[in-house]
Structures are given as C-alpha cells and as structure tokens.
Amino acid sequence: MWKILIYSLVQSMLLVGGQVFLKFAMTRMPAFAWTRTFWLSLLSNWQFAACGLFFGAASLLWMYIVKTFPFSMAYPMVSLSYVMGMVAAIVFFHEEVSMTRWLGVAFIVLGCILIAK
C-alpha cells in the first residue's frame, strides 16, 4: 500500500502549488471586493490561472486515489499538504516556523506512515 503514499505526495504537491499561486495572485490584486473591477483583474491574472490548473490536476489525481484506495487510508493522506504548505511558506514567503509547528509536522508524517502500512 505504499503506492498511496506516493500518489498522495504528488497530489499534495499539486494542492500546495495551487495555494502558492493563489497567494501570489492575491498579493498582486487590489483589496478584495465584490466589484466588477476586482473580478476582471482576477481573470487577467496569470498566477490565478496557474492556481486553477494546479487545483484541477490535484482534483483529477484525487479522483483516482479515492477510486483506487480505501477512503479511510486516502483521506488522512491529504494532511501531507499541511506539511508541504509549511515548507512552501518558508521557501516562497520567507515565514518563520517555530519548533512546536515542526513537532506537529513530525506527528503528521508519522501518522501518514502508520496509515499507509
């Protein structure tokens, strides 16, 4: 059942890639508003388009995962995206991560390994 871990890692990378592009897109946008100007500027933002492509690919892979593996194994693997998201926060947004958060990440990874066995 180690296949699920590999598929889940790829799916999590796609999810995090989508979130990173969404964050980049939002930083280049005017303040969020329910206005025509905001939504038109969003539609012309290439980072927003990239985030949609990443989310779409992650969704397609997720469909394969839930079709192929037991849901009780598949769904907890989504938590790997939290781990990768924290790494992305450091790499792309230069955020500081405390030791307590790293301990939480270690528990998530250990949990995913135990579930995959």
Side-chain angles (χ1 to χ4, degrees):
M1 284 296 195
W2 288 102
K3 278 185 174 181
I4 191 171
L5 195 54
I6 297 192
Y7 289 128
S8 296
L9 284 168
V10 172
Q11 198 258 350
S12 293
M13 283 189 268
L14 291 168
L15 280 175
V16 171
Q19 293 293 354
V20 167
F21 274 113
L22 181 61
K23 175 75 172 174
F24 281 138
M26 293 297 102
T27 59
R28 288 161 176 73
M29 297 291 299
F32 185 87
W34 294 102
T35 62
R36 180 183 168 128
T37 304
F38 176 82
W39 294 103
L40 288 176
S41 64
L42 184 66
L43 293 175
S44 64
N45 187 319
W46 74 266
Q47 288 101 345
F48 185 70
C51 114
L53 291 173
F54 273 78
F55 287 149
S59 295
L60 290 173
L61 184 52
W62 178 245
M63 290 182 336
Y64 173 78
I65 291 169
V66 296
K67 174 75 175 157
T68 307
F69 300 98
F71 195 70
S72 63
M73 289 179 72
Y75 197 72
M77 294 297 171
V78 174
S79 63
L80 291 170
S81 63
Y82 300 137
V83 176
M84 292 180 192
M86 199 155 63
V87 172
I90 294 166
V91 172
F92 295 107
F93 306 112
H94 312 290
E95 296 180 12
E96 299 269 335
V97 178
S98 68
M99 247 356 219
T100 307
R101 290 184 189 161
W102 284 117
L103 183 60
V105 164
F107 283 124
I108 290 171
V109 171
L110 178 62
C112 288
I113 289 170
L114 292 173
I115 289 167
K117 280 190 169 189

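Only heavy atoms go into these numbers, but all of them, side chains included; no hydrogens, no water, no symmetry mates.
- Contacts of Ser98 classified as side chain to side chain contact (heavy atoms under 4.5 Å, CB included), with partners at least two apart in sequence or in another chain: Thr100, Arg101.
- The distance from atom CE of Met63 to atom NZ of Lys67, rounded to the nearest 0.5 Å, is 11.0 Å.
- Shown here are the side chain to side chain contact (heavy atoms under 4.5 Å, CB included) partners of Gln19, two or more places apart in sequence or in another chain: Leu22, Phe55.
- Arg28 CZ to Trp46 CH2: the interatomic distance, rounded to the nearest 0.5 Å, is 7.5 Å.
- Proximity of Met26 to Leu42: side-chain heavy atoms (C-beta onward) are separated by under 4.5 Å at one or more points.
- Leu43 belongs to no multi-residue hydrophobic cluster, having no ILVMFWY side-chain contact under 4.5 Å with any other such residue.
- Counting heavy atoms from C-beta outward, Val78 and Trp62 have side chains that approach closer than 4.5 Å.
- To the nearest 0.5 Å, atom NZ of residue Lys3 and atom OG of residue Ser8 are 13.0 Å apart.
- Counting only residues at least two apart or on different chains, the ring-ring contact (aromatic ring centres under 6.0 Å, His included) pairs with a member in residues 76-117 are Phe24-Phe93.
- Looking at residues two or more places apart in sequence or on another chain, you find a side chain to side chain contact (heavy atoms under 4.5 Å, CB included) between Thr35 and Ala33, Thr37, Phe38.
- With a 4.5 Å cut-off between side-chain heavy atoms of Ile, Leu, Val, Met, Phe, Trp and Tyr, the cluster of Leu114 takes in Leu110.
- Minimum heavy-atom separation, Leu9 to Met84: CD2-CE, 3.3 Å.
- Remark: Phe71 pairs with Tyr75 by the ring pair (Phe, Tyr, Trp, His ring centres under 6.0 Å) rule, at least two apart or across chains.
- The nearest pair of heavy atoms linking Ser41 to Met29 is OG-CE, 2.9 Å.
- Considering OG of Ser59 and CG of Leu15, their distance stands at 7.5 Å, rounded to 0.5 Å.
- In this structure the side chain of Leu80 reaches within 4.5 angstrom of the side chain of Leu5, judged on heavy atoms.
- No donor-acceptor pair closer than 3.5 Å links the side chain of Thr68 to the backbone N or O of Ile65.
- Judged as a side chain to side chain contact (heavy atoms under 4.5 Å, CB included), and not counting sequence neighbours, the contacts of Val83 are Val105, Ile108, Val109.
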